[in-house]
Amino acid sequence: MGLFSKIKNGLKKTKDALITKLNAVFRGGDIDADFYEELEFALVSSDMGVETSEEIIFSLKNRLREKHIVKQEQARAVLKDILIETLENSRKEEFKYPIIITIVGVNGVGKTTTIGKLAHFFKSKKKSVSLVAGDTFRAAASEQLGEWAKRTDVKIIKHAEGADPGAVVYDGIQSAKARKTDVLIVDTAGRLHTKVNLMEELRKINRIEDREWGEAQKFNFIVLDATIGQNSLVQVNAFKDAIGIDGIILTKLDGTSKGGIVFPIIKELNTPVYFIGVGEKMEDLEEFDAKKFVDGIL
């Protein structure tokens, strides 16, 4: 299956929900106040959020006025261009090796699986990869990560359950430096932003990374479950305040009609989406591309 087909299939539920709503709006005829009101409702109910939907409608009105477009069907292509531009608003940083990626997020979003898929992604780019089992809190977390290390044929650095996560990260960095590893991916325990001690643990991990491997390109990626919709914004803001978030990995897009959440994430949080999960298989983690995403939902 080609890349675009995979993304298109993974976004089918979002596409089906959004197209049904848009087809009810773009019925033909002239553009009037009711058209804009119905379109805004369609966008908001597709999890694009009130603020982002209002800005999209504002841009659409201005552009249609400039182009002297008065027919609904002609407005559809203009809307598509605006949606693509909205998603291109926050630019991803190009990967420059060596890289250290710290994966954070709440429990149950699929961090461990995502790390395995990330390892596969970088291996497919002919890069050497190591994993750090920094989640020493959850029982069997390192064993689960170890299974992904076996599946993807990458090295894993781990300590005993209950060990200091900072010590595991330190050892992982020393190993990566000695082996000249291209990509080091650090797992961390799932946590809520209300757990002050666990958030401080993340800050400590970040300090160790900066001190021990300052020359590496560093990313803090948060893994979000697309099925929770607008609640994603709260999670990102909490982790941004604590440690800073460089990018987002959005999982489970294939299992939800709430793919529109990508728009407020990028527009309102000014945080780029680096990868999207569009299936269960190891290769079902794709680099985010604004045009392919909009093509997939429209």
Side-chain angles (χ1 to χ4, degrees), residues 97-123 127-225 235 238-239 242-246 249 251 277 280 282 285:
Y97 304 91
I99 299 170
I100 181 165
I101 299 174
T102 305
I103 302 295
V104 304
V106 303
N107 289 313
V109 294
K111 289 195 307 300
T112 306
T113 301
T114 298
I115 289 171
K117 290 178 177 180
L118 263 183
H120 174 78
F121 169 82
F122 284 110
K123 285 268 294 199
K127 301 299 178 184
S128 56
V129 181
S130 289
L131 308 182
V132 176
D135 181 359
T136 60
F137 180 75
R138 183 170 60 89
S142 62
E143 284 77 8
Q144 289 175 0
L145 195 66
E147 287 301 313
W148 276 106
K150 287 179 186 176
R151 288 179 63 181
T152 54
D153 190 26
V154 301
K155 180 177 175 59
I156 182 171
I157 297 88
K158 60 182 179 179
H159 287 190
E161 186 179 319
D164 176 13
V168 190
V169 172
Y170 177 88
D171 285 353
I173 290 172
Q174 304 315 313
S175 171
K177 288 164 70 175
R179 293 168 170 266
K180 297 188 176 355
T181 302
D182 295 315
V183 183
L184 185 67
I185 306 174
V186 179
D187 186 20
T188 63
R191 65 204 71 209
L192 296 172
H193 62 280
T194 52
K195 300 291 185 181
V196 177
N197 59 325
L198 290 178
M199 296 306 272
E200 179 53 40
E201 184 182 89
L202 284 182
R203 295 186 187 97
K204 178 183 175 182
I205 288 171
N206 269 236
R207 290 194 296 270
I208 291 169
E209 293 169 349
D210 289 337
R211 185 188 70 218
E212 298 299 327
W213 208 7
E215 64 272 27
Q217 188 183 31
K218 186 169 168 292
F219 293 97
N220 288 328
F221 283 167
I222 185 169
V223 179
L224 296 176
D225 181 341
Q235 291 182 19
F239 280 89
I243 60 168
I245 294 297
D246 303 298
I249 302 175
T251 65
E280 298 291 329
M282 191 160 52
L285 188 74

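In what follows, every heavy atom counts, from backbone to side chain, and hydrogens, waters and symmetry copies are set aside.
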Nearest 0.5 Å, please: how far is [atom2] in [Y] from [atom1] in [X]?
X	Y	atom1	atom2	result
Ile115	Thr188	CD1	OG1	7.5 Å
Glu209	Ile101	CD	CD1	10.5 Å
Thr112	Lys117	OG1	NZ	12.0 Å
Ile249	Ile222	CD1	CD1	10.0 Å
Leu285	His120	CG	NE2	9.5 Å

- Query: If you look only at pairs with a residue in residues 161-170, which of them pass as a salt bridge (charged side-chain N to carboxylate O under 4.0 Å, His left out), with sequence neighbours excluded?
  - Reply: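 Listed by first then second residue: Asp164-Lys204.
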- Message: Can you give me the closest heavy-atom contact between Ala140 and Glu143, atom names plus distance?
- Response: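 Reported closest heavy-atom pair: CA-OE1, 3.0 Å.
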- Item | Over all atoms of both residues, closest heavy-atom pair of Met199 and Ala242 |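 Heavy atoms only, the tightest pair is CE-CB, 3.2 Å.
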- Just jot down the side-chain contact (heavy atoms from CB on, under 4.5 Å) partners of Gln174, sequence neighbours excluded, or say none.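 Partners of Gln174 under the side-chain contact (heavy atoms from CB on, under 4.5 Å) test: Tyr170, Lys177, Glu212.
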- Item | Contact list for residues 199-222, test ring pair (Phe, Tyr, Trp, His ring centres under 6.0 Å), sequence neighbours left out |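 Passing the test, one end in residues 199-222: Phe95-Phe219, Phe219-Phe221, Phe219-Tyr274, Phe221-Tyr274.
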- Message: Given Ile103, which partner from the list Leu131, Leu118, Val186 fulfils the side chain to side chain contact (heavy atoms under 4.5 Å, CB included) test?
- Response: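 Of Leu131, Leu118, Val186, side chain to side chain contact (heavy atoms under 4.5 Å, CB included) with Ile103 is met by Leu118 alone.
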- Message: Under the side chain to side chain contact (heavy atoms under 4.5 Å, CB included) test against Ile100, which residue among Ile185, Val183, Ile173, Thr181 passes?
- Response: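 One option only clears the test, and that one is Ile173.
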- Task: Just do the side chain to side chain contact (heavy atoms under 4.5 Å, CB included) check on Val109 and Thr114 with the steps written out, would you?
- Result: CA-CA 9 Å; Val109 294; Thr114 298; over 6 Å; no
- Contacts of Phe121 that satisfy ring-ring contact (aromatic ring centres under 6.0 Å, His included) - sequence neighbours left out: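 Testing Phe121 for ring-ring contact (aromatic ring centres under 6.0 Å, His included), a comparison that skips the adjacent residues, returns Phe275.
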I'd like to check the side-chain hydrogen bond (donor to acceptor under 3.5 Å, both in side chains) partners of [X]; sequence neighbours left out, ordered by chain and number.
X	answer
Asp210	none
Ser128	Asp182
Asp246	none
Asn220	Asn206

Solution key, residues 144-158 side-chain donor-acceptor pairs under 3.5 Å, sequence neighbours excluded:
| from | atom 1 | to | atom 2 | distance (Å) |
| --- | --- | --- | --- | --- |
| Gln144 | OE1 | Arg138 | NH1 | 3.0 |
| Gln144 | OE1 | Arg138 | NH2 | 3.1 |
| Thr152 | OG1 | Trp148 | O | 2.7 |

- Task: Could I get the full list of salt bridge (Lys or Arg N to Asp or Glu O under 4.0 Å) partners for Arg179, not counting sequence neighbours?
- Result: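 Partners of Arg179 under the salt bridge (Lys or Arg N to Asp or Glu O under 4.0 Å) test: none.
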- State, yes or no, whether a side-chain contact exists between Pro165 and Ile205 at a heavy-atom distance under 4.5 Å.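 Pro165 reaches Ile205 side chain to side chain.
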